[in-house]
Amino acid sequence: MNDIKIYCDDYNFAPLAKAFGGEFSSDCTLSVEIVTVDEQEIKRLNNELRSVDSVTDVLSFPSLDGIFGKELKKGDFPADLDEEGNLFIGSIAICLKRAEEQAEEYGHSVEREINYLAAHGICHLLGYDHMVDEDKKVMREKEERVLAKLNLKRDI
């Protein structure tokens, strides 16, 4: 199936959801919640959940463990289905102020930065990580491939 549904009240991530098609293996639609927060809230979450007392750009909260590279089967996670029967893989918090600052710093659009942060978060929810260089390379390739489908390459 390889579909993903992104729930977000503040931003339309439908194009990003479509761009993730074919980027994971699943027998059902996956769902993700994205919330946008201010600097105070992302700092509070970062401190409370990671013991890091600073503002960050994005935080991911996966609901499934050990899923990297595996086919996600609805029947394996019956307790993680949302109201529509989609497999809920987690939540993401994005700090819009930090996204705006980083877009300016990196010389690309705010749209590109927000979509990058969402893609980065979704990759974490799918089990990707960037703690070691080899894993970071794999994760960055996935992020950039998804963003390229949206014509949101780094040179924008």
*Same apolar cluster: Val58 and Val110, side chain cutoff 4.5 Å*: yes
*Which atom names give the shortest non-hydrogen contact between Phe88 and Ser63, and what distance separates them?*
O-OG, 2.8 Å
_Given Ile6, which partner from the list Asn12, Leu30, Ile34, Ile92 fulfils the side chain to side chain contact (heavy atoms under 4.5 Å, CB included) test?_
Ile34
*Exercise: identify the closest heavy-atom pair between Asp38 and Cys95*: C-SG, 4.0 Å
*Output yes when Arg112 and Glu144 qualify as a salt bridge under the 4.0 Å nitrogen-oxygen rule, no when they do not.*
yes
*Heavy-atom pair with the smallest gap, counting every atom of Leu87 and Cys28*: CB-SG, 3.7 Å
*Run the side chain to side chain donor-acceptor pair (under 3.5 Å) check on Glu84 and Tyr7 step by step: do they pass?*
CA-CA 12 Å; Glu84 296 178 12; Tyr7 298 98; 3.1 Å; yes
*At what distance, to the nearest 0.5 angstrom, does NZ of Lys74 lie from OG1 of Thr29?*
8.0 Å
*Please walk me through it: do Lys149 and Glu23 pass side chain to side chain contact (heavy atoms under 4.5 Å, CB included)?*
CA-CA 11 Å; Lys149 293 178 187 179; Glu23 297 294 333; 2.9 Å; yes
*Classify the angle between the aromatic ring planes of His120 and His124 as parallel (below 30°), tilted (30 to 60°) or perpendicular (above 60°).*
perpendicular
*asked:* Check this for me, if you would: do Arg140 and Glu143 make a salt bridge, where the nitrogen-to-carboxylate-oxygen distance has to be below 4.0 angstrom?
replied: yes
*Nearest-0.5 Å distance that lies between atom OG in Ser25 and atom NZ in Lys70*: 13.0 Å
*State which residues pass ring pair (Phe, Tyr, Trp, His ring centres under 6.0 Å) with Phe68; sequence neighbours excluded, sorted by chain then number.*
Tyr128
*asked:* So for atom CD, which belongs to Glu83, do other residues, nucleotides or ligands contribute more than 12 heavy atoms lying within a distance under 6.0 Å?
replied: no
*How many angstroms lie between atom CD of Glu33 and atom CG of Asp9, to the nearest 0.5 angstrom?*
8.5 Å
*Measure the CD1-CG distance between Ile89 and Leu125 for me, rounded to the nearest 0.5 Å.*
5.0 Å
*From Asp80 atom CG to Leu72 atom CG, the distance as rounded to the nearest 0.5 Å*: 10.5 Å
*asked:* How close do Asp82 and Ser31 get, counting heavy atoms only, and between which atoms?
replied: OD2-OG, 2.9 Å
*asked:* Taking the side chain as everything from C-beta on, heavy atoms only, tell me whether Ile4 gets closer than 4.5 Å to Phe13.
replied: no
*Glu101 bridged to Arg98 by N-O distance under 4.0 Å*: yes
_Qualifying side chain to side chain donor-acceptor pair (under 3.5 Å) pairs with a residue from residues 46-61, counting only residues at least two apart or across chains_ = Arg44-Glu48, Asn46-Arg50, Asp57-Gln102
*Say you draw a straight line from CG of Leu150 to CD of Glu111; how long is it, rounded to the nearest 0.5 Å?*
8.0 Å
*Hydrophobic side-chain clustering at under 4.5 Å (ILVMFWY, transitive links): who's grouped with Leu49? Put none if nobody.*
Val35, Val37, Ile42, Leu45, Val55, Leu59, Phe61
*Would His130 and Asp135 satisfy side chain to side chain contact (heavy atoms under 4.5 Å, CB included), going step by step from the backbone distance to the final call?*
CA-CA 5 Å; His130 48 82; Asp135 293 344; 5.8 Å; no
*asked:* Would you say NZ of Lys97 has more than 12 non-hydrogen atoms from neighbouring residues, nucleotides or ligands within 6.0 angstrom?
replied: no
*asked:* If you count heavy atoms of other groups shown closer than 6.0 angstrom to CD of Glu104, is the number above 12?
replied: no
*4.5 Å side-chain heavy-atom contact, Leu152 and Tyr116*: no
*Heavy atoms only: give me the nearest Ala99-Leu117 pair and the separation to one decimal.*
CB-CD1, 3.8 Å
*Taking every non-hydrogen atom, the tightest pair across Ile114 and Ile94*: O-CD1, 4.1 Å
